[in-house]
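Note that the numbering runs from 1 along the sequence shown for the chain. Counting starts at 1 for both ligands and their atoms, in listed order.
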Amino acid sequence: MAVGAATACAPSEGAVVAPSQAAAVAPVTPGASKSTTGAPGIGDPDFPDDGNGGYDVQHYDLRLSYDPASRKLAGSATIEAKAAQDLTSFDLDLHGLTVSRVTVDGGAASFDRSKDELVIEPGKRISNGHRFAVTVDYAGVPEPMHDSANLGEYGFISTADGAFVTCEPNGAKTWFPSNDHPSDKATYDFRITVPEGLTAIANGEMTGTPQTKAGRTTFAWREKHPMASYLATMTTGKFQVRTGTSDKGLPIYVAVADSFRGSLDQLLTQTGKITDYWSTVFGPYPFSSTGGVIDDYAAGYALENQTKPIYGGFSPEPAIIAHELAHQWFGDSLTITRWRDLWLNEGFATYAEWLWAEHTGQGTADSAFKRLYANAADPMWAYPPGAARADDLFGAAVYNRGAMTLHALRREIGDDKFFPLIRAWTDAHRYGNVTTQEFIALAERISGKNLKGLFDAWLFQPRRPAPLAGP
Ligand code: TRP
Ligand code: ZN
């Protein structure tokens, strides 16, 4: 849906002074003859192989069937895209799995595999601006990603009774061929077939009642708002499901593994309450339903899957639910253009935890800030959160120093500018892609202040910033 990634900027200067980020997918050297080969990466300087250049995906139509006993996934993925250049070949990202057939606009296409790239050569050249549909038939036992970005395992993880599917930052390619980078968002249709008795959970809403035939049930889900590939899921297993409506009228879907049966009602109630509250703070909720999933796979972490955050093997306390639901605005509706801007997700979601504590009388954001600031030896002072590192993407600095950045900003411009700024931010970029530079520019516009020094000290310097003015 969106265009390519931003050009790289040196972290200590770039974000603050550079003009807006716009850059083409697959930059072409001036004067060089125009290549008709789609680039194998979308242009993220820190994840050069992630995503692909030369086209922009509009929609994924995923037909999937999963058999937990054999761990075999079979899929047929149709990807509707628009060419951003003439293409005689282009890539999709796919990790493992065996491709049996590829067609482009119904005609046979040849294909090749090289590492995590599926290279496709359509029968005839696709012209710049032309819409096309590529269908990939594939099957195999999915293998999750590990160790990349210091994360342990992520992607499609098989469990005793199904699968736990959490893909940030680049694990969507473990279960479907995709342009696996957040700068290319698209809408999704899922039709997921699993053995009768299991539930398959994806994003958005169900488009009909599940259909059972010959011992297998098909669940159809649709996410009609643009979504980053890392937020897609097809979590499967034995689940207890409940649906409801929040006080403000938003549909809620929650599912918990049998062993978390006791948390089902609470997850439904808290999810509705917190989603409604955030809509008064951050602006209208961006999607058509809210929810949550507790699986019994003991990941120990949660992920903000669009419309349905997932909690891996624990019953979340309200602060964690508040964090994941805040991501529906910061990360899911407003999506980063390149991974080094991750503080726009995690700093905001962590700050949301502090706001939730403030709202529920469990301590102020100011006290959370001061507690962290007091520790001069914290390693986060050496890690500038405005430049999240590929080898330590989810470092504590991105979360905590990112949140402190927002608090320093709030203290500098006051609540009467800070909260309107947050709402203007979510409103201006709803369903889109964002950069740190855009946030800084908006903060300066709304506050009428020069904030370059503040953001530079908090986001881009490898040392503890000076204390905030005032008490
Ligand atoms: N974004 C998650 C959070 O802070 C953390 C996370 C990063 C994650 N990568 C993941 C969770 C992969 C699950 C799988 O809420
Ligand atoms: Zn988070």
Side-chain angles (χ1 to χ4, degrees), residues 46-47 50 95 142-159 163-175 180-182 201 203 227-235 271 274-275 278 282 290-314 316-336 339-356 368 380 385 388-406:
D46 305 304
F47 292 82
D50 285 10
H95 179 76
E143 282 174 26
M145 306 288 293
H146 15 215
D147 292 336
S148 159
N150 215 2
L151 271 174
E153 266 193 342
Y154 62 96
F156 190 107
I157 299 170
S158 59
T159 62
F164 177 80
V165 183
T166 50
C167 300
E168 190 179 19
N170 52 12
K173 64 182 172 187
T174 66
W175 60 285
D180 197 6
H181 190 274
I201 303 162
N203 312 86
M227 177 165 77
S229 53
Y230 77 86
L231 298 168
T233 191
M234 58 162 291
T235 294
T271 295
I274 297 172
T275 308
W278 284 153
F282 303 144
T290 185
V293 177
I294 307 177
D295 202 349
D296 54 8
Y297 174 77
Y301 52 60
L303 182 65
E304 61 267 23
N305 289 338
Q306 190 155 311
T307 67
K308 287 174 202 69
I310 185 165
Y311 307 95
F314 63 97
E317 47 181 290
I320 304 290
I321 301 176
H323 177 115
E324 304 307 330
L325 290 175
H327 273 306
Q328 302 303 309
W329 285 260
F330 311 109
D332 297 11
S333 174
L334 277 67
T335 302
I336 53 178
W339 285 108
R340 67 170 62 173
D341 288 351
L342 187 63
W343 83 280
L344 291 173
N345 291 6
E346 301 304 346
F348 279 65
T350 302
Y351 198 63
E353 292 182 50
W354 302 359
L355 292 175
W356 182 254
M380 75 174 159
R389 288 172 15 201
D391 63 349
D392 189 13
L393 198 54
F394 297 90
V398 174
Y399 288 71
N400 290 330
R401 207 174 140 180
M404 293 176 86
T405 303
L406 289 172

Check: Closest non-hydrogen protein atom to atom 8 (C) of ligand 1, residue and atom name please, with distance?
Finding: Leu303 CD1, 3.8 Å
Next item on the list: Looking only at protein heavy atoms, identify the closest one to atom 6 (C) of ligand 1 and say how far it is in Å.
Entry: Glu168 OE1, 3.7 Å
Notebook entry, point to check: Do Asp180 and Lys173 meet the salt-bridge criterion of a basic N to acidic O distance under 4.0 Å?
Noted result: no
Margin query: Using 0.5 Å steps for rounding, measure from the NE2 atom of His181 to the CH2 atom of Trp339.
Written below: 7.0 Å
Notebook entry, point to check: If you measure every N/O of Tyr154 against every N/O of ligand 1, is any gap under 3.5 Å?
Noted result: no
Notebook entry, point to check: In the protein, what heavy atom is nearest to atom 11 (C) of ligand 1, and what distance, to one decimal place, separates them?
Noted result: Ala302 O, 3.2 Å
Check: Ignoring hydrogens and geometry, is there a side-chain-to-backbone donor-acceptor pair from Thr233 to Val165 under 3.5 Å?
Finding: yes
Note to self: Nearest 0.5 Å, please: how far is CH2 in Trp354 from CG in Asn400?
What the structure shows: 6.0 Å
Check: Would you say ligand 1 has an N or O under 3.5 Å from any N or O of Thr166?
Finding: no
Margin query: So, taking the atom named CG in Asp295 and the one named CD1 in Ile201, what distance separates them when rounded to the nearest 0.5 Å?
Written below: 7.5 Å
Next item on the list: Give the residue and atom name of whichever protein heavy atom lies nearest to atom 15 (O) of ligand 1, and the separation in Å to one decimal.
Entry: Glu324 OE2, 2.9 Å
Item checked: Spacing of OG1 belonging to Thr335 relative to CG belonging to Leu231, to within rounding of 0.5 Å -> 6.5 Å
Notebook entry, point to check: What is the distance from atom CZ of Phe348 to atom CH2 of Trp329, rounded to the nearest 0.5 Å?
Noted result: 14.0 Å
Check: Hey, which atoms in ligand 1 end up nearer than 4.0 Å to a heavy atom of His323?
Finding: 3 (C), 4 (O), 15 (O)
Next item on the list: Would you check whether Tyr399 reaches within less than 4.0 Å of ligand 1, judged by its heavy atoms?
Entry: yes
Next item on the list: Could you tell me whether Tyr399 and Trp343 have their ring centroids closer than 6.0 angstrom?
Entry: no
Item checked: Protein contact of atom 14 (C) of ligand 1 - nearest heavy atom, named by residue and atom, plus distance -> Tyr301 CE1, 3.3 Å
Next item on the list: Pick one of side chain, backbone, both or neither for how Ala299 approaches ligand 1, counting any non-hydrogen atom pair under 4.0 Å.
Entry: neither
Notebook entry, point to check: By number and element, which atoms of ligand 1 are closer than 4.0 Å to a non-hydrogen atom of Glu304?
Noted result: 1 (N), 2 (C), 3 (C), 15 (O)
Note to self: Using a 3.5 Å distance criterion without hydrogens, assess whether the side chain of Asp46 forms a donor-acceptor pair with backbone atoms of Ala390.
What the structure shows: no
Check: Excluding waters, which protein N, O or S atoms are within less than 2.8 Å of the Zn ion (ligand 2)?
Finding: His323 NE2, His327 NE2, Glu346 OE1
Margin query: I need the His323 NE2 to Glu317 CD distance, nearest 0.5 Å.
Written below: 12.0 Å
Notebook entry, point to check: Do you know which of Tyr297, Phe156, Tyr154 makes ring pair (Phe, Tyr, Trp, His ring centres under 6.0 Å) with Phe164?
Noted result: Tyr297
